[in-house]
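Order of the sequence lines sets the chain letters (A, B, ...), proteins ahead of strands, with each chain counted from 1.
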Number of protein chains: 2
Amino acid sequence: MAHGGTPRPMKGIRQLAEHLDISIGTVSRALNGKPDVNEETRKRVLAAAEQLGYVANQSGRSLRQGTTNVIGLMIQSSKETVENSDNFFLTVTGGLQSVFSRHNLDLIMLPCPNDEDPYEYLKRMVARRIADAMIISETQRVDKRFDLLAKAKIPFAALGRSLSGTQHPWADLDFDGVANCAIDRLVAHGHRRIAISTPASDINLGFVFAEGYRRALERHGIAYDPALVIRAKSSEQGGYQVADELLRLEDRPTAVILIYELMAIGLYRRMMEADIIPGRDIAVVGFREAPRAKFLQPALTCFRTSLHDLGVELAEILLSSMPAYNHIYPKTNRQTTWPLELVPGESDAFHLTAAK
Amino acid sequence: MAHGGTPRPMKGIRQLAEHLDISIGTVSRALNGKPDVNEETRKRVLAAAEQLGYVANQSGRSLRQGTTNVIGLMIQSSKETVENSDNFFLTVTGGLQSVFSRHNLDLIMLPCPNDEDPYEYLKRMVARRIADAMIISETQRVDKRFDLLAKAKIPFAALGRSLSGTQHPWADLDFDGVANCAIDRLVAHGHRRIAISTPASDINLGFVFAEGYRRALERHGIAYDPALVIRAKSSEQGGYQVADELLRLEDRPTAVILIYELMAIGLYRRMMEADIIPGRDIAVVGFREAPRAKFLQPALTCFRTSLHDLGVELAEILLSSMPAYNHIYPKTNRQTTWPLELVPGESDAFHLTAAK
DNA sequence: ACGCACTCCGTAAACGTTTACGATACTATG
DNA sequence: CATAGTATCGTAAACGTTTACGGAGTGCGT
């Protein structure tokens, strides 16, 4: 006899079962949508669970069925990332969740501490079986994490492409496309000496961008000059530094492509200091459109994309590589480059007439 | 006899035990630093665990001892947050982790999906017992989450103070101090009509800031004018809107204090459009120093603080309210306002001579 | 009346760990 | 030598679920 007590916090499935005068097995089956349970009792169970606020204990569940219903997103909160990502991760996360939530999967973010090796951190998380699948980001040129996850047989996908030989799912921004588009545009405006920036750290996207740049130049029959590839931190300060190095060159480039939107701020400042005006004396093309670079005068030419949709794509790619969800997202191609769209500004809107 | 096989992934403590010819109880005790185990065998166990890469399964462990060794940080990735937080959370997270890691606690971030009610989301996470303790942020004026966590007897702390009657641990920026300092400074420069911005959403910090503003005015014997408290979104666009509204006022203020650094960008732009120059025609004081507002000309007067250290403080406050760690961090005061330091710029560096 | 298929539900065994308890061997003490 | 105490370890019972298995009841055809 239920005494209609106030809805106190549930202790476990056992209590819920005896509240209903049903065996715990039936309760479990009812909650999990198993077929062999009367539709009538299922309703009763669901109602009681709702009323008493019962939710299955995650530890018990995952211990039994070996699955956590959790997807982990590992992020490195290195100083550089924190200062420059411009909420990159939070935006992508929104897209990821919109897919995962459809399957009752919860996304958790796993921030690797600054003072811990990302590999060791991931190893710990994997061994603890804290998540069913992983998304990793900021992949390095040689990244042991791929092997780690593969050996542990944990499905994973990377935010950012792989350059090592290992074949695995990823989604990444189309650096190639950006480099091509930017260079096409600059060349059409008469530029021949075009510099680019590339990150100081050993991160994949730097190589990809530089490679796209090299090939685009080749396509236009322009010689590749290593002096024009400038390594700098991906920050406002880095942009300042890039400008500084450009000004030091004896044979100055007439255009520069930045790999981080933020850099434009510092670059503008340094250029202004030297009385060189972007869009008049030098052409500047930024990478990703960002709210914080919108104020720049003259307006920065850059590229726009939906990071939310990139997240959606990445989530689907990941699920398609998980046996339990493969039939829902039967992707054949699990490696995607995500397009960006040119947003023309004024920072490169001038034609080169004579040399120099 | 161990055959010196390759270190394959461990199946469980059982395998590790029979590898060592020891009972699983002893292995567990050895790994967990229990006293009643021979120092010699402990070394053997630790060595074998290291070599075979054994890490205790989290589900089994938490099921048994009812603890997860995980601290959850709930964040709402609402559009507004994403665009404006300027990596606020990632920075605070660094501070949090530096404390937690000392106690083998892992921090995970729980991003509440946009389309889910934060209360329901937290309820789910709590019921699943995914973490031992919680940190919540963006607390509302009336926030049911406090009661939820209290009833569930889950230790928690808030990033951002509480305004409801409930007594609970929090750490927050010193909005009062900022309002006081800003107004003192402005009044010293001769200003009497001073406007402030406050968030459009029902978030606590808005009320705190407005209240500090009101009291500071009172202290200087300046009448409070509700028309000078302008609600706007905490973004660049919001700043533009604030400027717009200020310009519309018949009796224009001579100074304005912004609650988000980003707003300064939009405000500057709108002011410039109206040929009103910050630092000459109107005094502008920003709130938190931010890399992305550094470029502003004239330089924005604002306030600096270490979000990392705020995270450290918050972590210690949380731990002090957890029975297991209380003896390590015996805090008496679990509600802290975190100081900010004035960074004088040019945006308010003029003295008012005559009225208007 | 009998067997069979089907629906629904209870029972109990897992999942991997920690830990209370008791057992054993050894040492010190009387 | 008997006894108590100590150090070390093995045993088994939990923790809260899910799920394979089997049993009870029902309906139906022969």
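A donor-acceptor contact under 3.5 angstrom links the side-chain atoms of A/Asp36 to the base of C/dC9.
For B/Glu116, the salt bridge (Lys or Arg N to Asp or Glu O under 4.0 Å) partners are B/Arg124, not counting sequence neighbours. The salt bridge (Lys or Arg N to Asp or Glu O under 4.0 Å) search around B/Arg64 returns none, not counting sequence neighbours. Take A/Arg61 and apply the salt bridge (Lys or Arg N to Asp or Glu O under 4.0 Å) test, not counting sequence neighbours, and it matches no residue. Under the rule for a salt bridge (Lys or Arg N to Asp or Glu O under 4.0 Å), B/Glu50 has no partner lying at least two apart in sequence or in another chain.
Put simply, CD1 on A/Ile22 is 19 Å from P on C/dT7, counting in whole angstrom units. Between the P atom of C/dT11 and the CD1 atom of A/Ile13 lies a distance of 14 Å, rounded to the nearest Å.
Scanning both residues, B/Asn57 and B/Gly60, for their nearest heavy atoms gives OD1-N, 3.0 Å.
Scanning residues 58-70 of chain B for heavy-atom distances under 4.0 Å to DNA chain C yields B/Gly60, B/Arg61, B/Arg64, B/Gln65.
Listed by first and then second residue, the salt bridge (Lys or Arg N to Asp or Glu O under 4.0 Å) pairs that reach into residues 141-150 of chain B are B/Asp143-B/Arg145, sequence neighbours excluded. Among pairs with a residue in residues 65-74 of chain B, those fulfilling side chain to side chain donor-acceptor pair (under 3.5 Å) read B/Thr67-B/Asp132, B/Thr68-B/Asp132, at least two apart in sequence or across chains. For residues 131-160 of chain B, the ring-ring contact (aromatic ring centres under 6.0 Å, His included) pairs, not counting sequence neighbours, are B/Phe146-B/His168, B/Phe156-B/His168. Counting only residues at least two apart or on different chains, the salt bridge (Lys or Arg N to Asp or Glu O under 4.0 Å) pairs with a member in residues 314-328 of chain B are B/Glu316-B/Lys331. The ring-ring contact (aromatic ring centres under 6.0 Å, His included) contacts involving residues 31-51 of chain A comprise nothing, where partners must be two or more places apart or lie in separate chains.
Rounded to 10°, the angle separating the first-five-pair axis and the last-five-pair axis of the helix from C/dA1-D/dT30 to C/dG30-D/dC1 equals 60°.
Phosphate contact (OP1/OP2 of C/dC8, side-chain N/O of A/Thr41, threshold under 4.0 Å): absent.
Each of A/Arg29 and A/Arg14 has a nearest nucleotide on DNA chain D; the 5'-most of these lies closest to A/Arg14.
Nucleotides of DNA chain D lying under 4.0 Å from heavy atoms of chain B occupy a range whose first and last members, 5' to 3', are D/dT8 to D/dG16.
The closest side-chain donor-acceptor pair between B/Ser59 and A/Arg129, if any, does not fall under 3.5 angstrom.
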